[in-house]
Novice: 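Once you've had a glance at the structure underneath, I'll fire off some questions.
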Amino acid sequence: MSPPGDNHQLALDRFLNEHPDVAAELETLNPLAAQAKGETLAHYRAERLHEAFEAEAERQGLFAWELTLKLTAESPEAFETQRLDVHKEVAQMAGLSWDEYCRIHDVAG
């Protein structure tokens, strides 16, 4: 697992601040579980954090990158603008029309 970018790390930090139960769970992970997987405790903890983050994104009906944007955007309006910009880039890279992309991915454009 590569280290997260600055914005993603900020989002993870904010996620943990908003979910103290997840933070507490991560602090009490069993080192033997990490060892059994052949991982360091830090790597094992990072994987569990990303799993919790992705589960929260899914719970909100978002991709993990969208939750990163949501937690780091200056405002809800900025989040929506950034989110649509990224979706438009992905649609273009995929060679899809914006309408087709919106229909496939249930994006309100």
Novice: Lys37 vs Glu47, test: salt bridge (Lys or Arg N to Asp or Glu O under 4.0 Å). Steps then yes/no.
Specialist: CA-CA 12 Å; Lys37 290 188 74 176; Glu47 285 184 344; 3.7 Å; yes
Novice: Taking atom CD of Glu100 as the centre, report whether more than 12 heavy atoms of other residues, nucleotides or ligands fall under 6.0 Å from it.
Specialist: yes
Novice: Hey, could you give me the CG/CG distance between Leu71 and Leu12, rounded to the nearest 0.5 Å?
Specialist: 9.0 Å
Novice: Go through Trp98 and Val107 one step at a time and tell me if the side chain to side chain contact (heavy atoms under 4.5 Å, CB included) criterion holds.
Specialist: CA-CA 10 Å; Trp98 180 235; Val107 173; 4.2 Å; yes
Novice: If you measure from NE2 on His19 to CG on Leu26, what distance do you get to the nearest 0.5 Å?
Specialist: 12.0 Å
Novice: Side-chain contact, heavy-atom cut-off 4.5 Å: His87 with Phe63?
Specialist: yes
Novice: Is it the case that over 12 heavy atoms from other parts of the model lie below 6.0 angstrom from the CG atom of Asp106?
Specialist: no
Novice: With sequence neighbours excluded, what pairs up with Glu27 under the side-chain hydrogen bond (donor to acceptor under 3.5 Å, both in side chains) test?
Specialist: Arg45
Novice: Once salt bridge (charged side-chain N to carboxylate O under 4.0 Å, His left out) is applied, what residue pairs with a partner in residues 7-21 remain, sequence neighbours excluded?
Specialist: none
Novice: To the nearest 0.5 angstrom, please state how far the CD atom of Glu89 sits from the OH atom of Tyr101.
Specialist: 10.5 Å
Novice: Grouping I, L, V, M, F, W and Y whenever their side-chain heavy atoms are under 4.5 Å apart, do Phe53 and Leu10 come out in a common cluster?
Specialist: no
Novice: I'd like to check Gln82 versus Asp85 (side-chain heavy atoms, cut-off strictly below 4.5 Å). Are they in contact?
Specialist: no
Novice: Once rounded to the nearest 0.5 Å, what's the spacing between atom CZ of Phe79 and atom CG of Leu62?
Specialist: 5.0 Å
Novice: Does a sphere of radius 6.0 Å around CD in Gln92 hold more than 12 heavy atoms from other residues, nucleotides or ligands, not counting ones at 6.0 Å or beyond?
Specialist: no
